[in-house]
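A, B, ... follow the sequence lines: proteins, then strands. Residue 1 opens every chain.
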Number of protein chains: 2
Amino acid sequence: MNTLNQSLNDETAISLAELFRTLGDSARIRILAALSDEEHNVSNLAALAGLSESATSHHLRHLRQMRLIKSRKEGRYVYYSLDDDHVKQLVSCGLEHVRHG
Amino acid sequence: MNTLNQSLNDETAISLAELFRTLGDSARIRILAALSDEEHNVSNLAALAGLSESATSHHLRHLRQMRLIKSRKEGRYVYYSLDDDHVKQLVSCGLEHVRHG
DNA sequence: TTAATATATGAACATATATTCAGGTATCAA
DNA sequence: TTGATACCTGAATATATGTTCATATATTAA
């Protein structure tokens, strides 16, 4: 078992920072929270997160590029969902710190 | 047990985003990694993280304000350490996603 | 076809943020 | 005291980033 310090070369630190930066926006957090229950299309997500559809679309692209969410197209609609349960775990882990802090 | 969506009101989403944004910088990640083994003073941290002492000091203040690290003064030196093991856990949780992703 | 809906995209703008620089305080040694 | 070391801080600057706006594509309905 390696220590955190041994595991974290510069390249890994950059990737890790990118991941956390992606989570570091309250709009994207609201989107992920909405997706933690069930999949939603863009319009729904925009309404749930209180964002314009354009802003939502930009955020969704960002989240997808970071492999936090995935999409599925059905007719005119594109349904987004969390990529896996690990995302939920990561957000929950942060939540614990916020509550306990 | 609440779902993520139920736990995350707007205020909580903002706090959570602030936490993740604090972790969303590779310099701060390197600092936290260095601190995961043992405490260090500012000059050491600057050298370990490859930063100027001024930049390091700015980052340390940020990390301390977010309660991720704590400090202890001894003579001319100020020693920093992780605030608790939960910080290490949070970083490790992100690391898993980076590796597995 | 035409019109409406759903989503995506790039440019522009405004704000946020990381770093440097200059200077400040505090501690210790000579 | 004087000088050196360790750390901190605010201003300035350069870069990053979120949102809006205009527009484009794709799908469906009429």
Side-chain angles (χ1 to χ4, degrees), chain A residues 10-11 13-35 38-81 83, chain B residues 8 10-11 13-35 38-81:
Chain A
D10 284 8
E11 192 188 353
I14 290 174
S15 300
L16 190 52
E18 281 174 357
L19 169 63
F20 282 130
R21 216 180 314 141
T22 301
L23 297 173
D25 178 271
S26 61
R28 285 192 289 271
I29 289 289
R30 290 195 304 275
I31 290 174
L32 292 176
L35 292 178
E38 48 185 346
E39 67 177 11
H40 289 286
N41 63 28
V42 180
S43 302
N44 277 352
L45 281 173
L48 289 169
L51 297 167
S52 74
E53 297 188 2
S54 178
T56 304
S57 192
H58 281 294
H59 284 306
L60 289 171
R61 177 170 50 173
H62 188 166
L63 288 165
R64 199 157 64 91
Q65 283 173 343
M66 296 301 294
R67 295 172 190 270
L68 295 174
I69 62 175
K70 58 190 176 190
S71 64
R72 159 179 94 76
K73 185 165 182 177
E74 187 177 316
R76 281 184 287 188
Y77 301 89
V78 177
Y79 292 96
Y80 284 88
S81 56
D83 190 75
Chain B
L8 269 172
D10 284 8
E11 193 188 352
I14 290 174
S15 299
L16 190 52
E18 281 175 357
L19 169 64
F20 282 131
R21 215 179 315 140
T22 301
L23 297 172
D25 179 273
S26 62
R28 285 193 288 271
I29 290 289
R30 291 197 303 276
I31 289 175
L32 291 176
L35 292 179
E38 48 184 344
E39 66 176 11
H40 288 287
N41 63 27
V42 179
S43 302
N44 277 351
L45 281 174
L48 289 168
L51 298 167
S52 73
E53 297 189 2
S54 178
T56 303
S57 192
H58 281 293
H59 284 306
L60 290 171
R61 176 169 50 172
H62 189 166
L63 289 166
R64 200 157 64 92
Q65 283 173 344
M66 297 300 294
R67 297 172 188 270
L68 295 175
I69 61 174
K70 58 190 175 187
S71 65
R72 158 179 96 75
K73 186 165 182 178
E74 187 177 316
R76 283 183 287 188
Y77 301 88
V78 177
Y79 292 96
Y80 285 88
S81 55

>> Could you walk me through whether A:V42 and A:Y79 satisfy the side-chain contact (heavy atoms from CB on, under 4.5 Å) test, starting with their C-alpha distance in whole Å, then the side-chain angles of each, then the deciding distance to 0.1 Å, before giving a yes or no?
In response: CA-CA 7 Å; A:V42 180; A:Y79 292 96; over 6 Å; no
Of all the choices, [options], which nucleotide is nearest to the side chain of [X] once you look at every atom?
X     : options                : value
A:H59 : C:dT19, D:dG18, D:dT17 : D:dG18
A:R61 : C:dG10, D:dT19, D:dG18 : C:dG10
A:H62 : D:dC7, C:dT7, D:dG18   : D:dG18
A:A55 : C:dA18, D:dA6, D:dT20  : D:dT20

> For B:T22, which of B:H62, B:R67, B:R28 qualifies under side-chain hydrogen bond (donor to acceptor under 3.5 Å, both in side chains)?
Replying inline: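 Looking at B:H62, B:R67, B:R28, the match for B:T22 under the side-chain hydrogen bond (donor to acceptor under 3.5 Å, both in side chains) is B:H62.
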Nearest-Å distance, [atom1] ([X]) to [atom2] ([N])?
X     : N      : atom1 : atom2 : result
A:L51 : C:dT7  : CG    : C1'   : 15 Å
B:R28 : D:dA16 : CZ    : P     : 15 Å
A:F20 : C:dA18 : CZ    : C1'   : 19 Å
B:E53 : C:dT19 : CD    : C1'   : 15 Å
A:I29 : D:dG18 : CD1   : C1'   : 15 Å
A:Q65 : D:dG18 : CD    : C1'   : 15 Å
A:R72 : C:dT7  : CZ    : P     : 12 Å
A:I14 : D:dA16 : CD1   : C1'   : 15 Å

> Under the criterion side chain to side chain contact (heavy atoms under 4.5 Å, CB included), which of A:L63, A:I31, A:D83 is the partner of A:I69?
Replying inline: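 Between A:I69 and the candidates, side chain to side chain contact (heavy atoms under 4.5 Å, CB included) is satisfied uniquely by A:L63.
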> How do A:D25 and B:L60 order along DNA chain D: which one's closest nucleotide is nearer the 5' end?
Replying inline: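 Result: B:L60.
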> Which atom names give the shortest non-hydrogen contact between B:A17 and A:S26, and what distance separates them?
Replying inline: CB-N, 3.4 Å
Could you tell me whether [X] contacts a base, only the sugar-phosphate backbone, or nothing, with contacts defined as non-hydrogen atoms closer than 4.0 Å?
X     : value
B:S43 : sugar-phosphate
A:S54 : base
A:R64 : nothing
A:Y80 : sugar-phosphate
B:S52 : sugar-phosphate

>> I'd like to compare against my own output: the B/S/- annotation of nucleotides 25-30 of chain D with a strict under-4.0 Å heavy-atom distance to protein.
In response: -SBS--
> Between atom OG of B:S71 and atom CD of B:E39, what is the distance when rounded to the nearest 0.5 Å?
Replying inline: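 Result: 10.5 Å between the selected atoms.
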> Heavy-atom count around A:R64 CZ within 6.0 Å, excluding the residue itself: above 12?
Replying inline: no
> Hey, mind stepping through B:R30 and B:L48 against side-chain contact (heavy atoms from CB on, under 4.5 Å) and telling me if it holds?
Replying inline: CA-CA 8 Å; B:R30 291 197 303 276; B:L48 289 168; over 6 Å; no
>> side-chain contact (heavy atoms from CB on, under 4.5 Å), that's the test. Do A:H40 and A:L35 meet it? Break it down for me.
In response: CA-CA 7 Å; A:H40 289 286; A:L35 292 178; 4.2 Å; yes
> Within the stacking criterion (centroid distance below 5.5 Å, interplanar angle below 30°), does A:H58 stack on C:dT9?
Replying inline: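 Yes; by the centre-distance and plane-angle rule, A:H58 counts as stacking on C:dT9.
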